[in-house]
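Working notes, structure below.
A, B, ... follow the sequence lines: proteins, then strands. Residue 1 opens every chain.
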There are 2 protein chains.
Amino acid sequence: MMPIRIAIFDDNNSIRDSIAMLLQTEKEFELAGSFAHVLDCVDDLKTCKPDIVLMDIEMPGMNGIEAVRLIKQALPDIQILMQTVFEDDDRVFDSICAGASGYILKNQLNSRLIHFIKELKLGGSPMSPSIARKVLTKMQEISAVLKPEADNDYKLSSREKDVLTCIVNGLSHKMIADELNISYETVRSHVKKIYEKLHVVSISQAVFKALKEKLV
Amino acid sequence: MMPIRIAIFDDNNSIRDSIAMLLQTEKEFELAGSFAHVLDCVDDLKTCKPDIVLMDIEMPGMNGIEAVRLIKQALPDIQILMQTVFEDDDRVFDSICAGASGYILKNQLNSRLIHFIKELKLGGSPMSPSIARKVLTKMQEISAVLKPEADNDYKLSSREKDVLTCIVNGLSHKMIADELNISYETVRSHVKKIYEKLHVVSISQAVFKALKEKLV
DNA sequence: GTTTCAATCCCCGAATTCGGGGATTTTTTT
DNA sequence: AAAAAAATCCCCGAATTCGGGGATTGAAAC
C-alpha cells in the first residue's frame, strides 16, 4: 500500500518535531518535509510531493492562509489541513475559502491528529467541533442573505418604484423629474410617500433599505 | 446533572425503536418523544420540550427539511441533527440552510450516534466525513462567485471608512458627529474627501457604491 | 355612486447637504 | 529632519432635501 506522504509547515521547531514523531508511530505515514516558514512553500512542495499538508497560520514572512491559496493554485491535488490555535471567524473562513480541506485546533489534537489525517485522506473534512459549528452557522447566514428576501412587501406603487430606482442610482430629485418627465414637485410627493411606506427619513436610509431588501 | 432530552422523528418504527434503545444505554440521555411523522412537529415539541431532535428526511406528508425550518422558527433553541441515508448536495444544503446543526448518514451510525449527540450538545456540529467535505467545498464555491469584487481600492482612510459606514446606515452628518465624538465640521471634511475618492457627489451615490462594491 | 387610491402638481419654511475655500495637530513616511 | 497624509476644526453661500400642509384628475374598488 502506498504510504501517505505528509508535509508540515509550522514556525515552532518543537511542535514540528513532536508532530513528526507522532507521525512515525503510524507506519502508513511518511514525513515528506518539515518547514519553518512558507516563503518557498510551492517550490518546497513541488520537491517533496506530499499528499497532505499540515499548515499553521501564524508564521514569519507570509501567513499560512496566503500560503494555502498559493499551494492550491499551483498544486490543487494536495489536501491541506489547517492546524492552529486561532478560531476567530475571519481566519477560519479565509482558510476554507483559500482551499483548506480541514481545520483543527491545536489544543486537543495530539492523539486525534492521526485520525484526522486518515479522515482527510479518505475524502472527509476533519474539523474541531466548534469550527464545524461556525461553518454551518456561516452557511445559514449566507443562505439567509442570498436567498429569497420576498417576505417584505411595502406596497410601493409602480411609479414609486420608478422613483426609488432613480434615487438608488444616485439621481437628484431634479434629475428624476427630468428622467421620468414629471415635475419636481411630483417627484417630491412620490419620495414622501416612499419614505412613509419604507419607514425611513432620508435618501441614505432609502437606498440602504432598497438595496438590502432588493426592492429595486 | 440535567439529562439531555432527545426527540426522534422517523417514519420507520423499527429504526425509532432501535434508536430509543440505544439512547437508553446512556443514562444522561432521556427520550423526550418519538414520532412517525412531522405533521404536528411544532406542537409535539412544544409538549415534549427536547434539547435535541433527531430528524429523518423522507417522511409521509411533510419532509424533514421543511419540518426543520418550522421548528427553528418556532423553537430556535432546539438543536437538530439530521440523520438520513441521503447525501445528495441539495438535501444536505437545504437541511443546513433550514437550520440543522449537524448531518450524519444512517449507515455507519449506530455506535457513533451517542458520541455525535454529545458533540452537538457541547456546541459542535457533527457531520459524517463526506458531508463535511461537501460543506467545505460548497463554501469555497460560494466564496469564489461572491468574492471577485475586491479589485477596487479607493484608499479610504480608516476614519473615512467609519464615516462611510455611518452614512450607509442612514445617519445624518450631525448624528455621525455625535456617534464618532467629533465635530460636525470634521464629518463634513471626511465626507468631502470620501466623495472625492469615490467619485460621487451625493449621499445616495455614496451609499450605492459602498454597498455595491462592499466597501463597508 | 361614492369612496379609495395612484399620479400629478404647488407652496412654505426649516433642516441638511454640498462645494470651495482655509487652518492646526498628530502620525506616518521618506 | 522634512514631507506627506490623516484627522481634526471653522466659515460662507448655494443647492438640495425634508415635513407638512393642499389640490386636481382619472381609474379602480366598494
Given [options], the nucleotide with the shortest approach to the side chain of [X]:
{"X": "A:Tyr184", "options": "C:dT17, D:dG19, D:dT17", "answer": "D:dT17"}
{"X": "B:Val201", "options": "C:dC9, C:dG19, D:dA6", "answer": "C:dG19"}
{"X": "A:Thr186", "options": "D:dT16, D:dA7, C:dT8", "answer": "C:dT8"}
{"X": "B:Ile203", "options": "C:dG19, C:dT17, D:dT17", "answer": "C:dT17"}
{"X": "A:Glu185", "options": "D:dA6, C:dC18, C:dC11", "answer": "C:dC11"}

Within this structure, what is the [atom1]-to-[atom2] distance between [X] and [N], rounded to whole angstrom?
{"X": "B:Glu160", "N": "D:dA5", "atom1": "CD", "atom2": "C1'", "result": "10 Å"}
{"X": "A:Ile176", "N": "C:dC9", "atom1": "CD1", "atom2": "C1'", "result": "16 Å"}
{"X": "B:Lys192", "N": "C:dG21", "atom1": "NZ", "atom2": "P", "result": "10 Å"}
{"X": "B:Glu179", "N": "D:dT8", "atom1": "CD", "atom2": "P", "result": "14 Å"}
{"X": "B:Asn181", "N": "D:dC9", "atom1": "CG", "atom2": "P", "result": "10 Å"}
{"X": "A:Tyr154", "N": "C:dC5", "atom1": "OH", "atom2": "C1'", "result": "21 Å"}
{"X": "B:Lys193", "N": "C:dT17", "atom1": "NZ", "atom2": "P", "result": "20 Å"}
{"X": "B:Arg188", "N": "D:dC12", "atom1": "CZ", "atom2": "P", "result": "14 Å"}

ring-ring contact (aromatic ring centres under 6.0 Å, His included) involving A:Phe208 - partner list, sequence neighbours excluded:
none
Determine whether the side chains of [X] and [Y] contain a donor N or O and an acceptor N or O closer than 3.5 Å.
{"X": "A:Tyr154", "Y": "A:Glu213", "value": "yes"}
{"X": "B:Ser183", "Y": "B:Thr186", "value": "yes"}
{"X": "B:Ser128", "Y": "B:Ser130", "value": "no"}

Tell me whether [X] contacts the main-chain N or O of [Y] through its side chain, where contact means a donor paired with an acceptor under 3.5 Å.
{"X": "B:Ser125", "Y": "B:Ser101", "answer": "yes"}
{"X": "B:Gln205", "Y": "B:Val201", "answer": "yes"}
{"X": "B:Arg16", "Y": "B:Ile8", "answer": "no"}

On DNA chain D, more 5' by nearest nucleotide between B:Leu156 and B:Ser183 is B:Leu156
Students often get this wrong, so: under 4.0 angstrom with heavy atoms, is A:His190 touching a base, only sugar-phosphate, or nothing?
base
What nucleic acid atoms does A:Lys174 come within less than 4.0 Å of, heavy atoms only: base, sugar-phosphate, or nothing?
sugar-phosphate
Check whether any side-chain N or O of [X] sits under 4.0 Å from OP1 or OP2 of [N], and answer yes or no.
{"X": "A:Ser172", "N": "D:dA15", "result": "no"}
{"X": "A:Tyr195", "N": "D:dC18", "result": "yes"}
{"X": "A:Ser158", "N": "C:dA7", "result": "yes"}
{"X": "B:His173", "N": "C:dT16", "result": "no"}

What are the atom names and distances for every N/O pair under 3.5 Å that joins the protein to nucleotides 28-30 of chain C?
none

Classify the side chain of A:Ser189 versus the base of C:dC9 as yes if they form a donor-acceptor pair under 3.5 Å and no if they do not.
yes
Fit a plane to each ring of B:Phe9 and B:Phe35, take the angle between them on a 0 to 90° scale, and name the class: parallel (under 30°), tilted (30 to 60°) or perpendicular (over 60°).
parallel
